[in-house]
Amino acid sequence: MARIKIGVIGASGYTGSDLVRLAACHPGMEIAVLTANSHAGKAMAEVFPHLAHLKLPTLIKNEEADWSKVEAVFCGLPHATSQAVIRELPKHLKVIDMSADFRLRDAAVYEKWYGGAHQALDLQKDAVYGLTEHYRDDIKTARLVACPGCYPTAVLIMLLPLVKAGLIDASDLIIDAKSGVSGAGRSLKQNVLFCEAGEGLSPYGVASHRHSPEIEQEISRAGGAQVIVNFTPHLIPMSRGELCTSYAKLKGGATAADCVAALEKHYKDEPFVFMAPKGVMPSTQYVRGSNNVMLGVYADRVPGRVILISTLDNLVKGSAGQAIQNFNLMFGLPESQGLEQVALFP
Ligand SMILES: NC(=O)C1=CN([C@@H]2O[C@H](COP(=O)(O)OP(=O)(O)OC[C@H]3O[C@@H](n4cnc5c(N)ncnc54)[C@H](OP(=O)(O)O)[C@@H]3O)[C@@H](O)[C@H]2O)C=CC1
Ligand SMILES: CC(=O)N[C@@H](CCC(=O)OP(=O)(O)O)C(=O)O
């Protein structure tokens, strides 16, 4: 069967380059177009020496791309820049956006958290939220999929089945999250310099992180009532990986064992979501480089509360891997194709 020609917009970034790394081994994809901004004109091998052995197109500007033979585009641009670029793409292209631009369904909420009016509301209304395990049927027929943020993916995969089953109180959620530094992207920023982030653990976006409304939107959709969550992210000195610990109040006499049973039931046929083995705590080390999410549920010593731990690789299930999982669905391919990588341990 002919391979599907794909393009990657923002291939000189971390999500874009991890997409290229995965796409290069995907039997159903041919990488036809790679775009960049400041790196346009360079060979991928120059920008990413770990990809040097692959025969890849040279990085070009978006406006130089010939999309006529391409069928799908992955977009790894900074949020608030994707919408104007995606709006101008030819309509025959299916688009899988890794930025935040099309995730929020309410234009006013988008404007409040991203500091400006949305420039492609006509596309926004038909965009499908790309949390694969929860929106599979909608993703299959979508033209534009808005992949979730890395933190929301980790948090929602844990919490949505428990909210839907009525086991936890969606109005009382505390989420403590930690991310490796690649989560902040590849462009130079003072707070991710080695001297600033290399040896410490730093909270940021306290009570103000833009993933809060994204998590709230999806928990509210699952639970039926508008919720507000307490979400605190931290930057941790490692290159990739993310671990989220959520603290929840159990409802109606439910127990931690009920939560385990609900998650096992919900994800029993899922290729990428696993409970931590008995006696093992989820760790970023067990998912690094893979498209997997590892979950762990623990009874709290505080009566009636439960501790919920989820971990993933921010560049794989948190962005490029989930984007490919969605591409597979959109093109009728086996959902796990090209995503069979086992975690890189140790
Ligand atoms: N990093 C992560 O773990 C995750 C990131 N995301 C989201 O994915 C998107 C990409 O993130 P990430 O890959 O980390 O970001 P990077 O900063 O690493 O890469 C951004 C890319 O966009 C290009 N670019 C930057 N500004 C412009 C512009 N004005 N016009 C056109 N192209 C531009 C850059 O090109 P050049 O370098 O050539 O200038 C680069 O290719 C973001 O929206 C991010 O929030 C989502 C989930 C996880
Ligand atoms: C460590 C770090 O800085 N992480 C990023 C999250 C990356 C991500 O998933 O964000 P998007 O919503 O932009 O796609 C942040 O907190 O903004």
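Values below: all heavy atoms of this structure, side chains included; hydrogens, waters and symmetry mates excluded. Given the structure is predicted, the values throughout are model-derived calculations rather than measurements. Counting convention: from 1, in listed order, for ligands and their atoms alike.
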Would S182 count as a contact of ligand 2 if the rule is a heavy atom under 4.0 Å away? no
In ligand 1, which numbered atoms sit nearer than 4.0 Å to a non-hydrogen atom of S38? 36 (P), 37 (O), 38 (O), 39 (O)
Identify, by atom number and element, the atoms of ligand 2 in contact range of S179, meaning under 4.0 Å from any of its heavy atoms. 1 (C)
How are the rings of Y204 and H209 set relative to one another: parallel (under 30°), tilted (30 to 60°) or perpendicular (over 60°)? perpendicular
Using side-chain heavy atoms (C-beta onward) and a distance below 4.5 Å, is S182 in contact with N314? yes
Is any side-chain heavy atom of Y298 closer than 4.5 Å to a side-chain heavy atom of M281? yes
Under a 4.0 angstrom heavy-atom cut-off, which atoms of ligand 1 come close to S99? 43 (O)
Could you check whether any side-chain heavy atom of L333 comes within less than 4.5 Å of a side-chain heavy atom of H26, counting everything from C-beta outward? yes
Write out the residue and atom name of the closest protein heavy atom to atom 10 (C) of ligand 1, then the distance separating them to 0.1 Å. G76 O, 3.2 Å
Regarding Y114 and Q83, is there a side-chain donor-to-acceptor distance under 3.5 Å anywhere? no
Between S82 and S99: side-chain donor-acceptor atoms closer than 3.5 Å: yes
Between Y204 and ligand 2, is there a nitrogen or oxygen pair with a distance under 3.5 Å? yes
Mind checking whether L235 has an N or O less than 3.5 Å away from an N or O of ligand 2? no
For G180, take its heavy atoms, then give the atoms of ligand 2 lying under 4.0 Å from any of them. 1 (C)
Please report which non-hydrogen protein atom sits nearest to atom 35 (O) of ligand 1, along with the residue it belongs to and the distance in Å to one decimal place. S12 OG, 3.1 Å
Enumerate the atoms of ligand 2 whose separation from the nearest heavy atom of G149 is less than 4.0 angstrom. 9 (O)
Nearest 0.5 Å, what's the CG-CZ distance between L123 and R143? 6.5 Å
Enumerated ligand 2 atoms positioned under 4.0 Å from heavy atoms of H209: 15 (C), 16 (O), 17 (O)
Close-contact set for ligand 1 against R186 heavy atoms, below 4.0 Å: 16 (P), 17 (O), 18 (O)
Check: R210 and H79 side chains under 4.5 Å, non-hydrogen atoms: yes
Does the pair K251/D172 count as a salt bridge with the N-to-O cut at 4.0 Å? no
When you look for heavy atoms under 4.0 Å from ligand 1, do you find them on the side chain of P78, its backbone, both, or neither? both
Based purely on interatomic distance, does C150 place a nitrogen or oxygen under 3.5 Å from a nitrogen or oxygen of ligand 2? yes
Hydrophobic cluster membership, F327 vs I9, 4.5 Å side-chain cutoff: no
Might you check, step by step, whether the distance between atom 44 (C) of ligand 1 and some protein heavy atom is under 4.0 Å? no
Run the side-chain contact (heavy atoms from CB on, under 4.5 Å) test on H134 and E218 for me, step by step, so that the C-alpha distance in whole Å, both residues' side-chain angles and the decisive distance to 0.1 Å come before the verdict. CA-CA 10 Å; H134 290 268; E218 294 305 315; over 6 Å; no
Just going by heavy-atom distances, which of K189, R210, M98, H211 is nearest to atom 17 (O) of ligand 2? R210
Closest to atom 14 (O) of ligand 2 (heavy atoms only, candidates E242, H79, R103) is R103
